[in-house]
Number of protein chains: 2
Amino acid sequence: MRNAEFDREEVLRAAMKAFMHKGYANTSMQELKKATGLHPGSIYCAFENKRGLLLAALEQYRLDRATEFEQFFANSHLTLDNLKSYLTNVVVECISCDSAQACLLTKALNEIAEQDSEIQQVISDNLSVLQQALAEKFEQAKAEKSINADKDCDHLARYFLMGIYGLRTFAHTHPEAKVLEQLAEQLYHDVSQ
Amino acid sequence: MRNAEFDREEVLRAAMKAFMHKGYANTSMQELKKATGLHPGSIYCAFENKRGLLLAALEQYRLDRATEFEQFFANSHLTLDNLKSYLTNVVVECISCDSAQACLLTKALNEIAEQDSEIQQVISDNLSVLQQALAEKFEQAKAEKSINADKDCDHLARYFLMGIYGLRTFAHTHPEAKVLEQLAEQLYHDVSQ
DNA sequence: CTCTATCTTGAATGTACATTCAAGATATCG
DNA sequence: CGATATCTTGAATGTACATTCAAGATAGAG
């Protein structure tokens, strides 16, 4: 007889941002209340508890990232060039230094995955989806003759993803644009050559 | 008139292990008490507080890792081969899946660096030291003609370290030996070719 | 052996937190 | 324009935590 007043996606994006900024354990319900605009009771009603909010936020993150990913390839450029744009965008995010741009997946992976196998599984699945999507793009690039026919696209996707993880971590201590760009350049070279 | 009964290094290694396993915020003083064998009062007396214990543990970690690093090069092999051994060892640590082998630096960097600039600085300094040490080894490998004379050793060191960060994160979701070994193989190839 | 400075112990403290819940508000339906 | 199901509110609850502290233990000095 009455619908919830809040926008679920908006709330989840706010929660994401809070979790990315301060981590899971260090984000209190009071901060989540401020970030989402929802009172504790509403959060518990909608997401069961703080952990449920994280799980919902991880799912929203997956959806948002998948959409974003596809947009990089929704044009007529060579797939390999789009992969490069994707990588360049990672660097841009790292440089902007906005913690909101950190990767929720790797952050949560580091903080809690080891102690919560369900969350571990959710994150692993998320990352596998991204890896699979990358592998498909490399296959496409191979079909377009941009990369050598004897390359193993699954391996390329894993290596590319490993590089992105490394880049993100590296950026925490080395946020200088030039260095990150140079590293990305080499990574691109190593997967495309 | 009376000396402390505990062995400081032993206590710090136990604390490191606890922090690596559960993270900083999620490791309670009660767990630290169990892990170190020290009662709260003694911990506060020796390290001021929980944060002080982390700082001391980070310093011990740096010392231990520096010693370990040098041991990889304390032989008559080619420096480049020793770099490969070092990388192989990272993979072995990842595979062993013993959380005690995770990297305290990257773990702490992800969890708290953004909220505590002193800890951020300590970790950054630690990682810079490692990066510098790697750069020196690459210079040595260059002098031994193992790598091309026109290579930028600082860049190689950064790329190598980025790869190690990526490898460690990747291992969280992909602990299969074969995959990690293949990634390490490619990384080695890309820095030595 | 005695004295005292220092260390050890672990219960006590206050605080901050996640979670609950009952009262109040409001949209929708008849 | 009620009636009512559902949502919103935020103070109350209990718990778990980091930290403190005073009493007890013990090593070393004289």
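Numbers restart at 1 for each chain; the letters A, B, ... are given by sequence-line order, proteins then strands.
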Peer 1: If I take atom CD in residue B:Glu31 and atom C1' in nucleotide D:dA16, what distance separates them, rounded to the nearest angstrom?
Peer 2: 12 Å
Peer 1: Could you give me the CA-CA distance, side-chain angles and deciding distance for A:Lys84 and A:Glu185, then say whether salt bridge (charged side-chain N to carboxylate O under 4.0 Å, His left out) is met?
Peer 2: CA-CA 9 Å; A:Lys84 178 155 198 181; A:Glu185 182 64 41; 3.3 Å; yes
Peer 1: Going from NZ on A:Lys22 to OG on A:Ser28, what distance comes out if it is rounded to the nearest 0.5 angstrom?
Peer 2: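 OG of A:Ser28 is found 7.0 Å from NZ of A:Lys22.
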Peer 1: Pull out every protein N or O sitting under 3.5 Å from an N or O of nucleotides 10-14 of chain D, one pair per line with the distance.
Peer 2:
residue: D:dG10; atom: OP2; partner: A:His39; partner atom: ND1; Å: 3.4
residue: D:dG10; atom: OP2; partner: A:His39; partner atom: NE2; Å: 3.2
residue: D:dG10; atom: O6; partner: A:Gly41; partner atom: N; Å: 3.3

Peer 1: Heavy-atom nearest nucleotide on DNA chain C for B:Gly37 versus A:Met29: which residue maps closer to 5'?
Peer 2: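 The answer here is B:Gly37.
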Peer 1: Which pairs of donor and acceptor atoms, one on a side chain in residues 127-138 of chain B, lie under 3.5 Å apart (sequence neighbours left out)?
Peer 2:
residue: B:Ser128; atom: OG; partner: B:Ser124; partner atom: O; Å: 3.0
residue: B:Gln131; atom: OE1; partner: A:His174; partner atom: NE2; Å: 3.3

Peer 1: CG of B:Leu38 versus C1' of D:dT20: gap in Å, rounded?
Peer 2: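 Distance check: B:Leu38 CG to D:dT20 C1' gives 16 Å.
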Peer 1: Residues in salt bridge (charged side-chain N to carboxylate O under 4.0 Å, His left out) with B:Glu9, at least two apart?
Peer 2: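 Testing B:Glu9 for salt bridge (charged side-chain N to carboxylate O under 4.0 Å, His left out), a comparison that skips the adjacent residues, returns B:Arg13.
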Peer 1: Is the phosphate of D:dT20, meaning OP1 or OP2, less than 4.0 Å from a side-chain N or O of B:Tyr44?
Peer 2: no
Peer 1: Does any residue of residues 46-53 of chain B have a heavy atom under 4.0 Å from DNA chain D, and if so, which ones, in number order?
Peer 2: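 Under 4.0 Å from DNA chain D: B:Asn49, B:Lys50.
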Peer 1: Taking only residues two or more places apart in sequence or in another chain, which ones pass salt bridge (charged side-chain N to carboxylate O under 4.0 Å, His left out) with B:Glu10?
Peer 2: none
Peer 1: Mind checking whether B:Tyr86 and B:Phe72 have parallel, tilted or perpendicular rings, split at 30° and 60°?
Peer 2: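 It falls in the perpendicular class, over 60°.
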Peer 1: Once you round it to whole Å, what is the distance between C1' of C:dT9 and CD1 of B:Ile43?
Peer 2: 12 Å
Peer 1: Salt bridge (charged side-chain N to carboxylate O under 4.0 Å, His left out) with B:Glu176: which residues, sequence neighbours excluded?
Peer 2: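 Testing B:Glu176 for salt bridge (charged side-chain N to carboxylate O under 4.0 Å, His left out), a comparison that skips the adjacent residues, returns none.
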Peer 1: Considering only C:dC17, C:dT8, D:dT8, which nucleotide approaches the side chain of A:Phe6 most closely?
Peer 2: D:dT8
Peer 1: Provide, to the nearest angstrom, the distance between the CG atom belonging to B:Leu32 and the C1' atom belonging to D:dC17.
Peer 2: 12 Å
Peer 1: Is the B:Phe6 ring parallel, tilted or perpendicular to the B:Phe47 ring (thresholds 30°, 60°)?
Peer 2: tilted
